[in-house]
Amino acid sequence: MSAKRKPAMQKSNIQQIGLGTTTAHLLKKLGVESKAFTSGAHKVFSPIDGSEIGKVALDTSKSLDAKIAQAHQAFLDWRVVPAPRRGELIRLYGDVLREHKEDLGKLITIECGKILTEGLGEVQEMIDICDFATGLSRQLYGLTIASERPQHKMQENWHPIGVVGVISAFNFPTAVWCWNFALAVVCGDSVVWKPSEKTPLTALACQALFEKAAKIFGNAPEGLSEIVMGAREIGEQLVDDKRIPVISATGSTRMGREVGPRVAARFGKSILELGGNNAMILAPTASLDLALMGTVFGSVGTAGQRCTSQRRLIAHKDIADKFVARVKKAYASVRIGNPLDSNTLLGPLIDKRSFEGMQDALKKAKAAGGKVTGGERVLANQYPNAYYVTPALVEMPKQAEIVKHETFAPIMYVMKYSKIDEAIALQNDVPQGLSSCIFTNDLKEAELFTSSAGSDCGIANINLGTSGAEIGGAFGGEKETGGGRESGSDSWKAYMRRSTNTVNFSSELPLAQGVKFDIE
């Protein structure tokens with residue numbers, strides 16, 4: 001990487017054509033009817049240059065109610081289809097995604113601003129979870145349990161639970177939905193999806209591609225996948241509907257504080273994926289080259305707008321200054337600009353509000369004694385309606401209150417430590433508990449970090465950054481991150497209900513625990 005920052009100035013072919021025209025072309029190739037993205041009242045803007053790229057119709061309370069009813073009927077029909085057959089539908093969807101990976105990846109980049117390789121990576125993540133779910137469709141295992149009563153058999157079975165409501169965020173406009181959708185469908189459920197109002201076009205594309213797969217499949221019930229468009233009011237109605245036993249919501253901690261109690265009040269289940277305030281502990285034995293790569297991607301990738309973005313660096317005092325100097329040099333070489341340009345590493349923030357939040361956080365950090373490098377707006381002349389920034393590094397004297405707050409932007413706070421116990425205490429001393437990592441070649445430190453006395457996060461990595469999880473592991477975190485788990489491992493259980501069954505094949509009726517209840 002060059003030591004001199006080079007903002008991307010050359011326009012790509014896609015940008016020269018115009019993002020609105022390009023978006024329409026991509027949507028048509030992906031099977032979305034023109035009226036779905038041209039005739040609505042809700043305007044959609046690209047963070048790349050602030051231009052309008054579509055207009056979608058918003059749902060009303062009445063239309064949402066009808067879609068939930070349709071999804072419920074679809075569930076009643078789908079739940080009796082054998083699970084391996086349900087897996088075949090998701091396998092076909094994965095094949096359709098493979099066919100349209102490039103177009104969908106470009107659409108993701110245009111609508112949410114992440115660089116093209118990340119947009120393509122998000123589609124690959126969808127493909128991967130489809131593969132995982134297809135295999136899972138033959139592995140929805142229950143248990144056989146030893147009974148204390150003679151000639152009795154106990155077992156646990158897992159059954160489809162119903163309609164699953166999914167509320168997704170702008171930063172991963174398709175992948176996180178697909179984690180939920182693919183697993184829910186093979187588990188026998190239907191899905192009602194409310195995408196972010198900032199990224200509705202990719203949702204329309206995902207729905208069109210699923211409909212293509214369903215047509216090939218042949219007999220998938222109508223309403224198995226429903227999309228609803230809207231803001232807070234539509235989300236609240238979705239959350240409150242008793243026909244939806246599971247709500248999976250990704251977003252801010254503020255949102256989770258509202259969603260969780262509302263779902264619990266009607267005895268529904270929540271899968272909450274909320275904020276992250278993820279730290280790297282940098283130990284004196286670490287490979288600084290590896291740590292540098294992990295830090296730069298973790299803090300700069302997706303313009304710091306990942307829930308797993310690295311927001312804190314807790315570095316040992318003996319190596320902190322040397323490493324911070326290397327990070328500053330690397331930051332200075334990061335190419336900022338149009339995310340459709342293959343040379344770009346840092347695209348735009350999603351909107352003006354995000355930029356203002358970043359500037360407010362940096363102001364508070366300075367007031368708390370922080371030394372700020374970077375964080376300024378760039379390319380404003382070229383993109384007056386978009387918000388590009390340089391990554392910010394803030395050297396803090398201590399973990400002040402602003403450090404404990406998640407700001408969805410490329411800000412990384414740096415603090416020093418002397419002993420590993422001190423570093424782990426700093427790592428855990430934030431409200432969030434999503435992702436964490438330590439770079440060390442000390443086996444004892446590594447084992448401590450992943451032990452019960454170590455990181456309190458749902459993800460704890462060794463010599464690997466905080467960002468970039470694989471679909472095979474359960475994704476989620478603790479504390480204000482919400483406690484939810486999605487994607488791999490046994491996360492499928494959240495989309496099913498458990499039934500304990502006891503079968504008596506004797507001619508007697510003994511009671512458990514030796515209870516006697518004799519009647520004449």
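Position 1 is the first residue of the sequence, and the numbers go up from there.
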task: I would like to know whether S467 and Q310 meet side-chain hydrogen bond (donor to acceptor under 3.5 Å, both in side chains); could you show each step before the answer?
output: CA-CA 7 Å; S467 192; Q310 183 181 325; over 6 Å; no
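- With a 4.5 Å cut-off on side-chain heavy atoms, E470 and S487 do not count as touching.
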Determine all donor-acceptor pairs shorter than 3.5 Å in which one atom belongs to a side chain in residues 167-174; sequence neighbours excluded.
unit_1	atom_1	unit_2	atom_2	d
S168	OG	W193	NE1	2.9
N171	ND2	Q305	O	2.9
T174	OG1	E122	OE2	3.1

- request: Evaluate the side-chain contact (heavy atoms from CB on, under 4.5 Å) criterion for residues T134 and V186: first the C-alpha distance (whole Å), next the side-chain angles of each, then the deciding distance (0.1 Å), finally the verdict.
  value: CA-CA 7 Å; T134 300; V186 300; 5.9 Å; no
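- Minimum interatomic distance between N385 and D49 (heavy atoms only, all atoms of both residues): CB-O, 3.5 Å.
- Atoms CD1 and CG, from I129 and L97 in turn, are 12.0 Å apart once rounded to the nearest 0.5 Å.
- Between A249 and V259 the shortest heavy-atom distance is CB-CG1, 4.3 Å.
- Side chains of I227 and M229 form a contact here, defined as non-hydrogen atoms less than 4.5 Å apart.
- The side-chain contact (heavy atoms from CB on, under 4.5 Å) check on K212 picks up V96, E99, H100, with sequence neighbours excluded.
- Side-chain contact annotation: E111 with T199, donor-acceptor N/O pair under 3.5 Å absent.
- Closest approach of W177 and C206 over heavy atoms only: CZ3-CB, 3.7 Å.
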message: side-chain hydrogen bond (donor to acceptor under 3.5 Å, both in side chains), that's the test. Do E233 and Q237 meet it? Break it down for me.
response: CA-CA 6 Å; E233 295 77 12; Q237 183 178 339; over 6 Å; no
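- Ionic pairing of R262 and E258 is not present here: no N-O contact between side-chain nitrogen and carboxylate oxygen is shorter than 4.0 angstrom.
- W179 pairs in a side chain to side chain donor-acceptor pair (under 3.5 Å) with only one of the listed residues (E486, E125, E273), which is E125.
- Looking at every heavy atom in both residues, L434 comes nearest to C307 through CD2-O, 3.2 Å.
- Within 6.0 Å of NZ in K29 there are 12 or fewer heavy atoms belonging to other residues, nucleotides or ligands.
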task: Given side-chain hydrogen bond (donor to acceptor under 3.5 Å, both in side chains), test Q124 with D128 step by step and report yes or no.
output: CA-CA 6 Å; Q124 185 60 50; D128 292 344; 3.0 Å; yes
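- The closest side-chain heavy-atom distance from S190 to E226 is not below 4.5 Å.
- Judged as a salt bridge (Lys or Arg N to Asp or Glu O under 4.0 Å), and not counting sequence neighbours, D77 has no contacts.
- Contact annotation: the side chain of L224 approaches that of L89 to within less than 4.5 Å [non-hydrogen atoms, C-beta and beyond].
- Here the straight-line distance linking atom CG of L26 with atom OG1 of T109 works out to 10.0 Å at 0.5 Å rounding.
- More than 12 heavy atoms of other residues, nucleotides or ligands shown are found within 6.0 angstrom of CD on E236.
- In this structure the side chain of V239 never reaches within 4.5 angstrom of the side chain of K194, judged on heavy atoms.
- Between D131 and R98 there is a salt bridge, since at least one side-chain N of the basic residue sits less than 4.0 Å from a carboxylate O of the acidic one.
- Side-chain contact check for T302 and E118: at least one donor-acceptor pair (N or O, by modelled atom type) lies under 3.5 Å.
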Give every donor-acceptor pair under 3.5 Å between a side-chain atom in residues 78-85 and any protein atom, sequence neighbours left out.
unit_1	atom_1	unit_2	atom_2	d
W78	NE1	V185	O	2.9
R85	NH2	F217	O	3.3
R85	NH2	N219	OD1	3.4

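- Residues T466 and C437 come closest through the heavy atom pair CG2-SG, 3.8 Å.
- Look at D351 and R353 and you find no salt bridge, because none of the NZ, NE, NH1 or NH2 atoms lies under 4.0 Å from a carboxylate O.
- We find the CZ-CD1 distance between R312 and I411 to be 14.0 Å, quoted to the nearest 0.5 Å.
- Counting heavy-atom neighbours within 6.0 Å of E52 CD, excluding the residue itself, gives a total above 12.
- Between P431 and K404 there is a side-chain heavy-atom pair separated by less than 4.5 Å.
- With respect to R243 and D65, a salt bridge is recorded, a charged nitrogen being found less than 4.0 Å from a carboxylate O.
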- request: Report the C-alpha separation of L19 and L340 in whole Å, then their side-chain angles, then the decisive distance to 0.1 Å, and conclude whether the side-chain contact (heavy atoms from CB on, under 4.5 Å) test is met.
  value: CA-CA 11 Å; L19 290 180; L340 292 165; 4.0 Å; yes
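- Taking CG of N277 as the reference point, atom OG of S309 lies at 11.0 Å (rounded to 0.5 Å).
- Looking at R91 and C130, their side chains never come closer than 4.5 Å, going by heavy atoms from C-beta outward.
- Here the straight-line distance linking atom SG of C178 with atom CD1 of I90 works out to 7.0 Å at 0.5 Å rounding.
- Between F75 and H72, the angle of the ring planes lies from 30° to 60°, which puts this pair in the tilted group.
- Checked against side-chain contact (heavy atoms from CB on, under 4.5 Å), S63 has the following partners two or more places apart in sequence or in another chain: D59, T60.
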Would you mind writing out the side-chain donor-acceptor pairs for residues 36-44 within the sub-3.5 Å range, not counting sequence neighbours?
unit_1	atom_1	unit_2	atom_2	d
T38	OG1	S34	O	2.8
S39	OG	K35	O	2.4
H42	NE2	E197	O	2.8

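- A 6.0 Å sphere centred on CD of E156 holds more than 12 heavy atoms belonging to other residues, nucleotides or ligands.
- The shortest side-chain heavy-atom distance between I234 and L238 does not fall under the 4.5 Å cut-off.
- For G337 against P348, the heavy-atom pair with the smallest separation is O-CD, 4.5 Å.
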- prompt: Given K215 and E211, is the salt bridge (Lys or Arg N to Asp or Glu O under 4.0 Å) satisfied, shown in steps?
  reply: CA-CA 6 Å; K215 187 175 182 181; E211 289 172 358; over 6 Å; no
Full working for side-chain contact (heavy atoms from CB on, under 4.5 Å) between V166 and F181: CA-CA 8 Å; V166 178; F181 177 72; over 6 Å; no
message: Between R266 and I244, does the side-chain contact (heavy atoms from CB on, under 4.5 Å) criterion hold? Intermediate values first, please.
response: CA-CA 10 Å; R266 60 177 179 84; I244 304 178; 4.2 Å; yes
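- The structure places CG of N338 at 11.5 Å from CD1 of I115, a figure rounded to the nearest 0.5 Å.
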